[in-house]
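Nothing here was measured: the structure is a model prediction, and the numbers come from that model. For the numbers below, each heavy atom of this structure counts, side chains included, while hydrogens, waters and symmetry mates do not.
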Amino acid sequence: MIARASQLFLPTLREPPADAEAASHKLLVRGGFVRQVGTGLWTYLPLGWRVHRKIEQIVREEMDGIGAQEFLAPVLTPVELWEATGRDKIPELFHLSDRTGRRFILPITHEETFTFHAREIRSYKELPQLWYHFQTKDRDEPRPRGGLLRVREFIMKDAYSFDRDEESAFVSFEKNRAAYHRIFERCGVEAHEVRAESGIMGGELTFDFLAPSGSGENTLVRCERGDYAADAEIAQGVPRAPELPAPLAAPEEVETPGVATCEALATFLGTDLAATSKAMPVTTDDGRVVLALIRGDDRLSESKLLSALKIGSRASTDDEIRAAFGASGGSLGPVGYEGEVIADLTLREGQFVAGANRDGFHLRGVEAGRDYEPEFADLREPVDGDRCPECGGALTFQTAIEVGHIFYFADKYSSGLGATFLDENGREKPILGGSYGIGPGRVLAAVIEQNHDADGIAAWPESIAPYHAHLVVLPGADEIAEQAAEALSAAGRDVLLDDRDQRAGEKFADADLIGCPIRVTAGKKSLEDGKVDVRTRADGAEKRLDVAELGKEV
RNA sequence: CGGGGCGUGGCGCAGCCUGGUUAGCGCGUUGGUCUGGGGGACCAAAGGUCGCGAGUUCGAAUCUCGCCGCCCCGACCA
């Protein structure tokens, strides 16, 4: 097809909006792909919507390819469905009422609605089922940010699988997982599957797809050799080995006046910082004071602590610490502490310096299992310099965007909503479910984050480009430009024919900005030899081609 | 929700501290002339409740208070 720029609403800007920071945010606005309506609320302009739709189509083809059936469920949802699963308390939900006072919510995902429909499934003979739709999600986000990176309203492709047993559910899960890899591949976005945080729930099977990006809210940790990838919130890096002093037969108290941090302690004693331990008392939501113990050179990962304790917690107050330990922060340690101690795995072997629970004193030679009995868990934040837990290779850290998420949740929704089936033996069982989400808008933003330069988007992958070719028409070359456009269009290419009455420089700048994979220029030179210049946006390679060859060559 | 910042023609900004003629500048827009392969030049023009509301004052874009909106950091994130 051929679109004429002179007739499009294509408001490109020379300067990025003052409040934009993320590259994708700046370029999407400058290139006339999107415009902001309010915080976290965006309109896709025609150019942006074309990209969105192309991404949708790829997702649709891959979902259909694994036997998924496309639905369309409503946004406005009776609150009773959400009360049935207990999710009506989620703070991100928008609530509203109709004129008679009936209450509704705007869904953040559609598990309830699809499980509601799954109640029509009566027999094991109707299973498995895999359903999906593209539908608007609304979320009362505490802080939308970064243009399209985190928004309050967006379209998501969400799919729901319904199976009779775990074995079957696992097959459904694997199908979706494989489809996701194909989707990101086809969209030209680099995305890595990582095991995601299971949080307090635990036991659930969940993977994120993270796209490395200049801006984002996740940190992707990967092994340089490609055999390990995880979100930093759960990644298990292997830290360097500490230089431990000669072991002692029993802990030995040393006076450490005025030493309040591990750094000061290591300096004072002349030991390796990694040979000290850091005591971080936390108070759980149910009021217990738990001593979290990590190596002196590490930072406590709050997400890992949450997973380990299976309950929320906060740093204990000075008063709570004094009451529990009889000492103040800076001199705390596990030895002699009556409460729970949860220690990082790095402290399992060896002797470390720890607080003595006596102000101004520490203990040398403290050994887990001998001097205190902790529960062990992975509690440390991985850091640059850690080694791969699989192979010992170097780990790299990259900020990333979560572009997809797959989740197996068993009967979590079907039990609340009463979605059951009868098996061969006539026994009623809960249907087992999983959900699979992709945000096309985030994919779109991720592609730009991964493909841009000083001039603009460099370039859209062929598969999702708003147009395949940006045809720059210079004065006098209208006729040959039309022929070139026809040739490209006949070959199945989408053509943006830039027939605006603008300077050459502006058209070239806009072409670079918008980032179609190739730029075709018809100008004065074309009038002499009937050829046009074809330039590849990604690498700047340029060649002159006969109009007749265009369809074949490009 | 805590911290920081911003709000002035379509876009990007100055003016505010130290109140005082018709509120400026660049880009863009409209008309015109010349131009024409990397955001060209010149001429003319249109376009602004200075976020909203109170207050102080003879007088408020400017000072005070309140509210709203937007951005960034943090908390949070099914």
If you assign each of A/Lys531 and A/Pro16 to its closest nucleotide in RNA chain B, which residue comes earlier from the 5' end? A/Pro16

Give a yes/no on whether any side-chain N or O of A/Thr39 is located under 4.0 angstrom from OP1 or OP2 of B/G69. no

Under 4.0 Å: is that the gap between some side-chain N or O of A/Thr521 and OP1 or OP2 of B/G37? no

Indicate, with a heavy-atom threshold strictly under 4.0 Å, whether A/Gln502 touches base, sugar-phosphate, or nothing. base

Could you work out the separation of B/A54 and B/C77 based on their P atoms and round it to a whole Å? 42 Å

May I ask you to check if A/Arg50 and A/Tyr467 form a cation-pi contact, with NZ or CZ under 6.0 angstrom from the six-membered ring centre and within 45° of the axis? yes

Identify whether any heavy atom of A/Gly146 sits under 4.0 Å from a base atom; if not, whether one sits that close to sugar-phosphate; answer base, sugar-phosphate or nothing. sugar-phosphate

Reckon A/Asp455 touches a base, only the sugar-phosphate, or nothing at all at heavy-atom distances under 4.0 Å? nothing

Can you tell me, in whole Å, how much space there is between the C1' of B/G7 and that of B/C52? 11 Å

Look at all strands and tell whether A/Glu542 reaches a base, only sugar-phosphate, or nothing, counting heavy atoms closer than 4.0 Å. base

Using atom P of each nucleotide, how far apart are B/G59 and B/C11 to the nearest Å? 33 Å

Given 3.5 Å as the limit, does a donor-acceptor pair link the side chain of A/Asp455 with the main chain of A/Asp512, or not? no

When we call it a touch if two heavy atoms are under 4.0 Å apart, what does A/Glu21 touch: a base, just sugar-phosphate, or nothing? sugar-phosphate

So what does A/Leu474 touch, heavy atoms closer than 4.0 Å: a base, only the sugar-phosphate, or nothing? base

Just to be sure I understand the rule, does A/Arg30 reach a base, reach only the sugar-phosphate, or reach nothing, if contact means heavy atoms closer than 4.0 Å? base

Reckon A/Arg143 has a side-chain N or O less than 4.0 Å from the OP1 or OP2 of B/A75? no

Please give the distance between the P atoms of B/U64 and B/C17 as a whole number of Å. 9 Å

Specify whether A/Phe71 and A/His117 have parallel, tilted or perpendicular ring planes, treating 30° as the upper limit for parallel and 60° as the lower limit for perpendicular. tilted

If you go through the side-chain atoms of A/Arg519, does one of them form a donor-acceptor pair with the base of B/G38 closer than 3.5 Å? yes

Using a 4.0 Å heavy-atom cut-off across all strands, classify A/Thr109 as base, sugar-phosphate, or nothing. base

Counting the atoms with a prime plus P, OP1 and OP2 as sugar-phosphate, which does A/Lys507 contact under 4.0 Å by heavy atoms, base, sugar-phosphate, or nothing? nothing

Given A/Arg87, which of A/Glu111, A/Glu80, A/Glu92 fulfils the salt bridge (Lys or Arg N to Asp or Glu O under 4.0 Å) condition? A/Glu111

With rounding to whole Å, what would you report as the distance between B/C16 and B/U21 at their P atoms? 14 Å

Can you tell me how far C1' in B/C63 sits from the matching atom in B/U57, rounded to whole Å? 10 Å

So does A/Arg503 reach the base of B/G39 with its side chain, donor to acceptor, closer than 3.5 Å? no

Walking RNA chain B from its 5' end, the first of A/Ala18 and A/Leu513 to be reached, judged by nearest nucleotide, is A/Ala18

In whole angstrom, give me the gap between the C1' atoms of B/U56 and B/U8. 23 Å

For residues A/Trp460 and A/His470, establish whether the separation of their ring centroids is below 6.0 Å. no

Classify the side-chain pair A/Glu70/A/Tyr132 by whether it contains a donor and acceptor separated by less than 3.5 Å. yes

Given the C1' atoms of B/U18 and B/U22, what is the spacing between them in whole Å? 23 Å

Please work out if A/Gly476 contacts a base, only the sugar-phosphate, or nothing of the nucleic acid, heavy-atom cut-off 4.0 Å. nothing

